[in-house]
Structure formats: C-alpha cells, structure tokens
> 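To start, I am sharing the structure in question, which I have written as structure tokens.
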Amino acid sequence: MFPNRTAHGRFPSVHPLVIALAALLPLTAAAQDAPAAKDPVALDTLQVTAQRRVENAKDVPVSISAIQGEKLDVLGSAGDDIRFLSARVPSLNIESSYGRAFPRFYIRGLGNTDFDLNASQPVSLVYDDVVQESPLLKGFPLFDLAGVEVLRGPQGTLFGRNTPAGVVKFDSARPSQDADGYIKVAYGSYNTWNTQGAYGGPLTDRWSARVSALYQRRDDWVTNTRQNAPAQGFEGYDEAAARVQFLYEGDDVEALFNLHKRKLNGTARLFRANIIKPGTNQLVENFDRDDVSTDGENFSDLETWGGSARLQWNLGRVTLHSITGYETAESLNHGDIDGGYGAAFLGAGNYGPGFIPFPSESADGLPHHRQWTQEFRVESNEWGRFDWQAGVFYFDEEVTIDSFNYDSLTPGNPQTGHAVQTQRNKAWAAFASGDVDVTERFKLRGGVRYTQDKKDFSASVLQAVQGGTPVSGPYIAKSDVDDVSWDLSGVYQITDNLNAYARVAKGFRAPSIQGRLAFGGVSQADSEKVISYEAGIKADLFDRRARLGFNVFRYNVDGQQLIAVGGSNNTATLLNADRTIGQGAELDFEAYLTDHVLLTLGSSYNDTEIKDRDLAVAICGGGCTITDPTTVINGGTYALVNGNPLPQAPKWIHNLTLRAGFPITDASELYVYTDWAYRSEVNFFLYESPEFRSRSSLEGGLRLGYNWDYGQYDVAVYGRNLTDQVRVVGAIDFNNLTGFLNEPRTFGVEFTAKF
C-alpha cells in the first residue's frame, strides 16, 4: 500500500516542563528588547457559545477552555488527526484503538474505553451545532475553524445526547459578505502532505458562501519483516474532507446551510505483540518502532458525509431557531489483533512478536448508518433582568455492524466467523433555561431537561461467508428510559475584572447495549447519572494583558457504565459500577509577558475512584502482573477493582505555549512558537497491572517562522514530538503483552497565504 522509517528517546530526569521554561526564558528577554507597540497590547475578549448565546467567557458559570487561531493551526501543522487536542486543555484526554477513525474522549476522567461501533460516550462532540453521536463521526478533520470550546461537567440542559462529562464543540468559519480565504501547504517527514484551503464571499447582497477543503497523506513508515504477509507497510494514510456553506441574511431571518464529506484510506491501529517488558511498563530491549512482524491484514476505510440547515427568525421579543442535521457513515477496519504471527520467536536479545498463544485477526464494519436530529429553540431577545430559552430536541439513529474473524495461520487468511448487530435509537427531549440579574453584580442561572430514550437491539451469528444464514440468534435487547437533568449556577462580579461562580448540575446517559457474540454474548448497562459541583473564579488582569480561570470540582456518578474488555477469553462486557467519585482542580492562564511574548498555561488535577466492593472483572490472558485482590468465579480468576482509578484518567495534565515575536518592520516579523503537553500515568483497563499502566508522557513542538504583509503570508519550519518520546498509549490484554504507540517525531515546512 505505501513505504517507511523512525527512532526513540528517553524521558529527562528533570521535569520536562521546567526544562522547557528555562530554555525559553532567553527568548522572552530578547523579545522584551523589541520596539514597543504604539498602543498597549491587550488580550481580545474571549467570546464563547457555551450557553448557546455569544457571551464573554468570564461571565459564563462553566469551566471552559477555548483553542482558536494560530494555536489551533500550530497544533495541527503535522497533519495529525483530532487526537492532537489531547492534553492541550485541562482535563481532556483523547485516545483510540482504531487509529484516525474512532477517537475516544475523556473529560475529568469520565469517558468510555468501549471499542464497539455503537458505543456511547459521556463526552458529547458537537460540530456546527449538530451532535455527532457515532464514534466514527467524531474524528472529522479540523480545518477552517472559528474555534474549539471544551466545556467540562454535565451540559445536558442545553446540549442533547449524552453530556454527563462535558462537551467538545467545534464551530466552522462562517460565510460572510467580506470576501476572504486562505491556502496552506505543509510537507514533512515520511512524505507527509498537509494541504487545506478555503474561500468565501458574497453571491448577492443577501447570500454568501464558503468552500473549505483538506487533503492529508503520509507514507507507511513501519516495515513488516514477515515475508509474503498480506500487508508489508503500516501507519500511512490518505484523507480528504470538504465543506461547503451557504448563508442567507435577511432583515429578520437567517439561514445557514452546510454540506460536508470525509474519506479516509489508511492503516488500522498497528498492534505490536510482546513489546512490554514483564513486570514493568517499559518497552522490551532492542525494540525498534520501525519494524513489526505480523501475518494479518491491516487497513482502515471510512467515508462519512452529512448536512445541516440552521435557521433563525427574529420575531421581535423572541428569536426562533431550527437546527436540522443528517449524518451517515460507512466503514471497514481490519487489524491483526494478536500483533504477530504464529508462535514464532526470534531468539534471546532480538525483538520479535514472541510467543502468541492463539491467533486473533478481526474486522469491524459499518455497512449502514444514518442519524437525523432536529431541534427547535426559542430564546428571548434582551428582556432586561430576565432572559430565557426553551426548546425540543429529537434524535433518530440506525446502525448495522458487521464483525468478522479470520484465520491468520491459513494461507489467504480465510474468514471464520461473522456476526451482525443492528440498533435503532430514538430519543426526544424538552428543555428550558433562564438567567436573572438578582442584583447588578449577581446573576442566577438554571436549566432543566426531560429526556426519553429508547433502543431496540438485535444480534445474530451468521455462517462464515458474509451474508450467510443465521446459525444462532437473533438475540434481542431493548431499553426505554426517561430522566430529568438540571443545573443551577450563580455568577458574582466581585470587581469589574473579577468574577466568582458556583455551579451544581445533574447529568444523564441512557443505557448501552453491545453484542460481542463470539466473546461473551450480548451485554447491557443501565443508565448512569452524575451530580457535579464546581466553584471558581475568572479574571482579566493587568489591563487585560492577562486572563485567569481557576476552579475546583467534585462529582459523583451513580451506576457508571464501564466496559470490561480482554481477559483470557477476549470478552467485552458492559457493566455498571455502584458509584464513582472524582475531584480536582483546573487552571487556565493566558498573558502577554511583553508586547511581543504571549504565554498560555493550562493545568488540571483529577482524582478518580471506583466505589464498588463487588465489582470484579476478568484479568489478562497472559504476561501481566495483577496487583488487585482477586477472586474465583465459575472457575475463572477475576480482579476486584474497588478503589481503582478510572481507565485513561491521568491525575495530572499540564500544557504550555509560548510565542515570541521579533518585528522586522511594521508589517513583518520573525517568530518562535513552542508548545508542550504533559499527562501523568494512566491505566488502560479497570484492573491494575504495571504492564498496562502507561508511563507519563511529555510531547512538545517548535515552530520557527516569518510572516509579512501584516500576517497575510507566513512561512515556517516545525517539529512535533521533538524529544522523539515513545510511549505505549493502549494495549490488548487477552493474548500477550500487545500494545500500540504514540505518533513519531516529525519535521516539516509550511507556507500559508491569506487573501
């Protein structure tokens, strides 16, 4: 399919963020000596839509982070997928066992490690006001965006579909009557191309349009040393996406229409057998990330498209909104899950797949998917001390999932199993929220949402040939629940530049159903409910040269939905924990250190704990060291996970960016931009084992550039994962010590022109 290359480095003994800051201090001093701007430099007001209205972020009683403009462009310069946002704001982690196709989001430790294609997540992703429920929709590439907002804590009163952990919200750049656009071309390591562009402007005095497109590709850089295997190279991809928008602006009506499409062809997640040293979370000696030895197929094909119509009518005292969305996806993802071949071993001192107890090669496909959403919302138009909004929301999704198994040890990798799942999910909700100015300095907000959610699920095992007749099933499961979510918050203006807020909110996630018929059958998890408390401050400092947000929080989840995956039988079982608690603190800080040096800092502490004395899960199938108490159930050994942290929930996340500009003329400058993101250790599974606890991670980037003509043109060189750190970021535990890795170090050059 494609060609190869790479290496790795070690984690410094001194905390890497300290080293990064120390190295950057000379830059800030040099930039201080640059000529001062004529007018005092100040941060622009941060406008967000966390409450479905455009507001100053300082006035919103929600823990919120935003990524916009140059920062967003720099983080995505190497052509990485949506996971580049992981750890770039407090309490956000993103990972995937599917590669670019299926990102899984975690906020404050709450997420879902379930790899099934109908898995629901407690973090909702909203793209241009339309919820993206299927995990395959959540990875739509990031290009031509106005900004990204991360809202932490339950958001169910204003955003539909599964938001007990929070919302990640993307807003595309809108068409306007002002013609503008850009083109960006980047080339880097592994023959990587990252190109995108957009152009928009008026069609008539009422209509405007904007067209945006992206193309990314990378060669395979991992070589398969297994001769005559179906796949000889890995980790390459070709991806294209496009979006077209039409905006009508009348006197009292506005209509925004959106069509978008994505196509991905590439490598599925590359599993590597026995790469973890037993008893540790270190890589085995003589490990080379450029090579694998595997006998299975490996590819990932995904195509999605959709559209939306966002309409609003100004009716005087109120504005009526209508948001109609349609999304569909089709995919097939095929991987060699055992990460190697047969029982081959290359000998002492040589890295190879090692002993593999049994082969496992599988594929998951989504031959049919479609999602309809409709929202009607009415909001008041500046009613004085009291403003409100209310509406109804409808959701309808159909999903068909194919699951295939293959025999890697027989020439041709013949299919040995085929199971089919179908699910129809319908939900509707009614919601209302309002805020009242109790005094000139104190504002009270509240909201409520009633939801009814219904699922109809069926699963069958078919003959090995695709489309064969059922040999078992259908296995039927249903759920039909309703719930009331709510929130109450207050904002107090201590001074003109300092606000304090407090919030309590209840979130809800509907039941989940899953059918892994070859590995444990159909399982179902009941609803989960979250009560979250937080309090914090938001401030503009030093004549708006700096901005600060800080909060503390605590939440309690009743009946949290969890997935027990792997074990010696490769099970995948949904279950509910009696209770989960989480608590911590979050910091956002942004400041001009000088007129030409901009610093951003983010930090979070998350302490999560499962509270269920009877919760037991299957342990690994081979090679790992269980540190939890164990019990025997029906002849099998299970780990008791009471007191364990949630999977993929780092206690610490820190991030830093620093931009230093060196003006050459009034219209041009040289600049240096660096960014660093740190996350502490995480467990991969519900049980604890040193082998399946990822080491802490620090990844940094550096960009050296020159822009001219008042920023209209920019040329830069960049590096990502500068220290070439190699980390196991996920694992398979049913067979051996199989893991998968982070992205390698890359370098490149980028040119941008705006017009």
Side-chain angles (χ1 to χ4, degrees), residues 43-64 66 129 149 151-160 163 167 169 171 251-254 310-323 375-393 429-450 484-507 531-541 544 547-551 553:
L43 295 170
D44 293 332
T45 299
L46 180 58
Q47 302 284 354
V48 298
T49 56
Q51 302 289 295
R52 307 297 296 273
R53 301 171 183 266
V54 178
E55 296 178 282
N56 186 334
K58 183 164 63 71
D59 300 327
V60 179
V62 174
S63 178
I64 179 172
D129 289 332
E149 297 175 18
L151 320 180
R152 294 178 281 268
Q155 307 295 325
T157 59
L158 288 175
F159 294 94
T163 64
V167 169
K169 189 173 183 293
D171 292 301
D251 293 334
D252 294 310
V253 62
E254 178 181 288
R310 288 178 280 172
L311 315 176
Q312 65 180 56
W313 296 268
N314 187 334
L315 304 178
R317 294 271 288 165
V318 299
T319 297
L320 172 64
H321 299 263
S322 171
I323 303 173
E375 177 178 290
F376 294 106
R377 179 167 52 92
V378 180
E379 67 172 325
S380 62
N381 291 332
E382 299 298 334
W383 281 26
R385 296 180 62 180
F386 175 67
D387 277 295
W388 57 272
Q389 51 186 311
V392 292
F393 173 81
F431 60 92
S433 68
D435 56 74
V436 57
D437 297 331
V438 180
T439 70
E440 289 186 357
R441 290 189 174 270
F442 178 58
K443 178 177 286 189
L444 194 64
R445 302 191 185 209
V448 64
R449 186 186 198 96
Y450 171 81
V484 176
S485 302
W486 51 265
D487 64 67
L488 181 65
S489 59
V491 181
Y492 184 75
Q493 188 180 38
I494 299 173
T495 70
D496 290 344
N497 296 310
L498 174 63
N499 288 353
Y501 77 93
R503 182 175 190 259
V504 57
K506 176 182 179 290
I531 296 287
S532 171
Y533 308 87
E534 68 176 76
I537 59 170
K538 299 184 180 185
D540 293 327
L541 307 171
R544 287 195 20 244
R547 181 161 45 228
L548 170 71
F550 175 78
N551 69 277
F553 65 87

> Quick one: salt bridge (charged side-chain N to carboxylate O under 4.0 Å, His left out) partners of R152, sequence neighbours excluded?
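Salt bridge (charged side-chain N to carboxylate O under 4.0 Å, His left out) list for R152, sorted by chain: E586, D588.
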> Do the side chains of K443 and E55 get close enough for a salt bridge, i.e. N-O under 4.0 angstrom?
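So K443 does not pair with E55 through a salt bridge.
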> Mind checking what makes salt bridge (charged side-chain N to carboxylate O under 4.0 Å, His left out) contact with D387, not counting sequence neighbours?
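Expected list: none.
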> Who passes ring pair (Phe, Tyr, Trp, His ring centres under 6.0 Å) against Y450, sequence neighbours left out?
W428
> Looking at residues at least two apart in the chain, or sitting in another chain, which of them share a side-chain contact (heavy atoms from CB on, under 4.5 Å) with L311?
A255, F257, W313, S322
> Measure the CG-CG distance between L46 and N56 for me, rounded to the nearest 0.5 Å.
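Going from the CG atom of L46 to the CG atom of N56 covers 7.0 Å.
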> Looking only at heavy atoms, what is the nearest atom pair of R449 and T157, with distance?
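Scanning both residues completely, I find the closest heavy atoms to be NH1-O, 3.4 Å.
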> Per the salt bridge (charged side-chain N to carboxylate O under 4.0 Å, His left out) rule, what does the pair list look like for residues 485-506, sequence neighbours excluded?
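Every salt bridge (charged side-chain N to carboxylate O under 4.0 Å, His left out) pair that includes a residue of residues 485-506, provided the two are not neighbours, is R441-D496, D483-K506, D487-R503.
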> Might you work through the side-chain contact (heavy atoms from CB on, under 4.5 Å) test for Q389 and L158, ending with a clear yes or no?
CA-CA 9 Å; Q389 51 186 311; L158 288 175; 3.9 Å; yes
> Taking all atoms of both residues into account, what is the closest heavy-atom pair of E149 and I64, and its distance?
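Closest heavy-atom pair between E149 and I64: OE1-CD1, 3.8 Å.
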> Listed by chain and number, what are the salt bridge (charged side-chain N to carboxylate O under 4.0 Å, His left out) partners of E379, not counting sequence neighbours?
R53
> The criterion is side-chain hydrogen bond (donor to acceptor under 3.5 Å, both in side chains); which residues satisfy it with D437, sequence neighbours excluded?
none
> Backbone N or O of I323 within a donor-acceptor pair of the R310 side chain at under 3.5 Å?
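Side chain of R310 to backbone of I323, a donor-acceptor pair under 3.5 Å: no, none is there.
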> Which heavy atom in E440 sits nearest to a heavy atom in Q493, and how many Å separate them?
O-OE1, 4.3 Å
> Compare every heavy atom of T163 with every heavy atom of G156, then report the nearest pair and how far apart it is.
N-OG1, 2.9 Å
> Heavy atoms only: give me the nearest I531-V504 pair and the separation to one decimal.
CG2-CG2, 4.5 Å
> Do the side chains of V62 and Q155 get nearer than 4.5 Å, heavy atoms only?
yes
> Quick one: list whatever passes side-chain hydrogen bond (donor to acceptor under 3.5 Å, both in side chains) with E534, sequence neighbours left out.
R108, Y501
> Is there side-chain contact between L444 and F442, with heavy atoms separated by less than 4.5 Å?
yes
> For K169, what residues pass the side-chain hydrogen bond (donor to acceptor under 3.5 Å, both in side chains) criterion, not counting sequence neighbours?
T49, D171
> Measure across N381 and G316 and return the closest heavy-atom pair with its distance rounded to 0.1 Å.
ND2-O, 2.9 Å
> Once you round to the nearest 0.5 Å, how far does CG of L320 lie from CD of Q312?
9.5 Å
> Should W388 and V318 be marked as a side-chain contact (heavy atoms from CB on, under 4.5 Å) after you check the CA-CA gap, both sets of side-chain angles, and the distance that decides it?
CA-CA 10 Å; W388 57 272; V318 299; 3.9 Å; yes
> Among all residues two or more places apart in sequence or in another chain, which pass the side-chain hydrogen bond (donor to acceptor under 3.5 Å, both in side chains) test with S433?
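With sequence neighbours excluded, S433 shows a side-chain hydrogen bond (donor to acceptor under 3.5 Å, both in side chains) to no residue whatsoever.
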> Output the distance between atom CG (N499) and atom NZ (K58), rounded to the nearest 0.5 Å.
4.5 Å
> Under the rule for side-chain contact (heavy atoms from CB on, under 4.5 Å), what residues qualify as partners of I494, not counting sequence neighbours?
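Here the qualifying residues are Y492, L498, A500.
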> Test side-chain contact (heavy atoms from CB on, under 4.5 Å) on F431 and R377; report intermediate values, then the result.
CA-CA 9 Å; F431 60 92; R377 179 167 52 92; 4.0 Å; yes
> Can you list the residues that meet the salt bridge (charged side-chain N to carboxylate O under 4.0 Å, His left out) rule with D251, with sequence neighbours excluded?
R206
